[in-house]
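For this chain, numbers begin at 1 and follow the sequence in order. Remember, it's 1-based here, ligands and their atoms both numbered in the order they're listed.
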Amino acid sequence: MIDPARFSDNVRPLWEMSSPCRLCPRRCGVERRAGEIGFCGIRAEPLVSSAGPHFGEESVLVGTGGSGTIFFAGCNLGCVFCQNYDISHLRTGRAVTVESLARMMLELQRIGCVNINFVTPTHVIAPIAAAIELAREQGLTVPTVYNTGGYDSVDTLRLLEGLIDIYMPDMKYADADIARELSDAPDYPQVNRNAVEEMQRQVGDLRTEHGVATRGLLVRHLVLPEQQAGSERIIDFLADETSPYTTINVMGQYRPCYQAGGHPKINRRPTRDEIATVRQYAQTRGLSVLD
Ligand code: SF4
């Protein structure tokens with residue numbers, strides 16, 4: 001086990017915050033280093049379900065070498081429509097140490113990946129942050145991507161300043177009742193807005209070089225049927241309160257998975273019209289909308 005004392009003033013508090021755990025807004029208070037588990041279902045050591053170059057992400061993250069994607073098992077949200085429920089809820093993956101995580105990043109860089117993309121990092125951010133420091137000491141130079149469901153606490157995010165280059169949060173819902181029903185997180189809308197503002201403060205609008213993202217904020221928004229996501233309110237928030245130049249990916253690939261069948265309003269795909277209306281609204285409000 002690596003000694004947390006060797007890391008920076010930002011990383012050490014993350015270790016302290018992880019046991020008793022208050023890393024994310026759920027603030028479960030469990031002793032993860034003693035083997036207890038909270039809502040996310042993961043003890044102190046992260047579980048990696050897969051790692052490798054990924055070409056299915058937004059083109060600005062892919063470049064020619066792919067996005068060096070590391071998928072973590074477990075999640076601090078309980079989305080009934082989760083498309084990765086075997087990873088997020090069944091928690092399939094292999095335990096990794098800080099050292100092996102750092103080696104994984106360096107290997108992804110070596111084979112040509114244009115960034116290191118941490119998928120669902122919130123609940124395991126302490127070892128990830130330590131591994132980023134270690135990997136940078138050993139030559140990691142490509143940007144780091146924090147690819148999150150967007151249920152992140154500002155206190156934790158502040159400690160990531162300088163460690164994360166690209167923030168890619170979901171903005172899932174604008175309405176508390178819907179967030180409660182679909183993700184077991186009634187405070188999601190406000191928590192998510194605060195998190196996105198902190199991310200924007202740290203890294204600013206998305207910047208690219210030769211078509212590849214180097215730094216900044218890229219928001220993902222999944223259109224749900226029957227306007228369940230509150231898309232226009234989210235877009236208004238970004239345009240009016242975050243930055244009028246925010247880059248957004250309006251995603252139209254929702255399909256009912258996992259337990260979505262038990263929720264009639266989301267038990268179908270969104271129509272082409274529903275998706276086009278949201279995309280058009282984001283363009284009308286001046287956001288930078290990815291194709
Ligand atoms: S990271 Fe996990 S254990 Fe910690 S507060 Fe969040 S859900 Fe609970």
Report yes if the distance between the aromatic ring centroids of Tyr258 and Phe81 is under 6.0 Å, otherwise no. no
According to side-chain contact (heavy atoms from CB on, under 4.5 Å), who are the partners of Ser153, at least two apart in sequence or on a separate chain? Pro25, Asp155, Thr156
What I want to check is whether the side chains of Ser288 and Tyr245 have a donor and an acceptor closer together than 3.5 Å. no
Ignoring hydrogens and geometry beyond distance, is a side-chain donor-acceptor pair present between Gln190 and Asn194 at under 3.5 Å? yes
If we ignore hydrogens and angles and just use 3.5 Å, is the side chain of Ser67 paired with the main-chain N or O of Thr69 as donor and acceptor? no
Hey, which protein N/O/S atoms does atom 6 (Fe) of ligand 1 have under 2.8 Å? Cys24 SG
So is Arg12 actually on top of Phe7's ring, under 6.0 Å and inside 45° of the axis? no
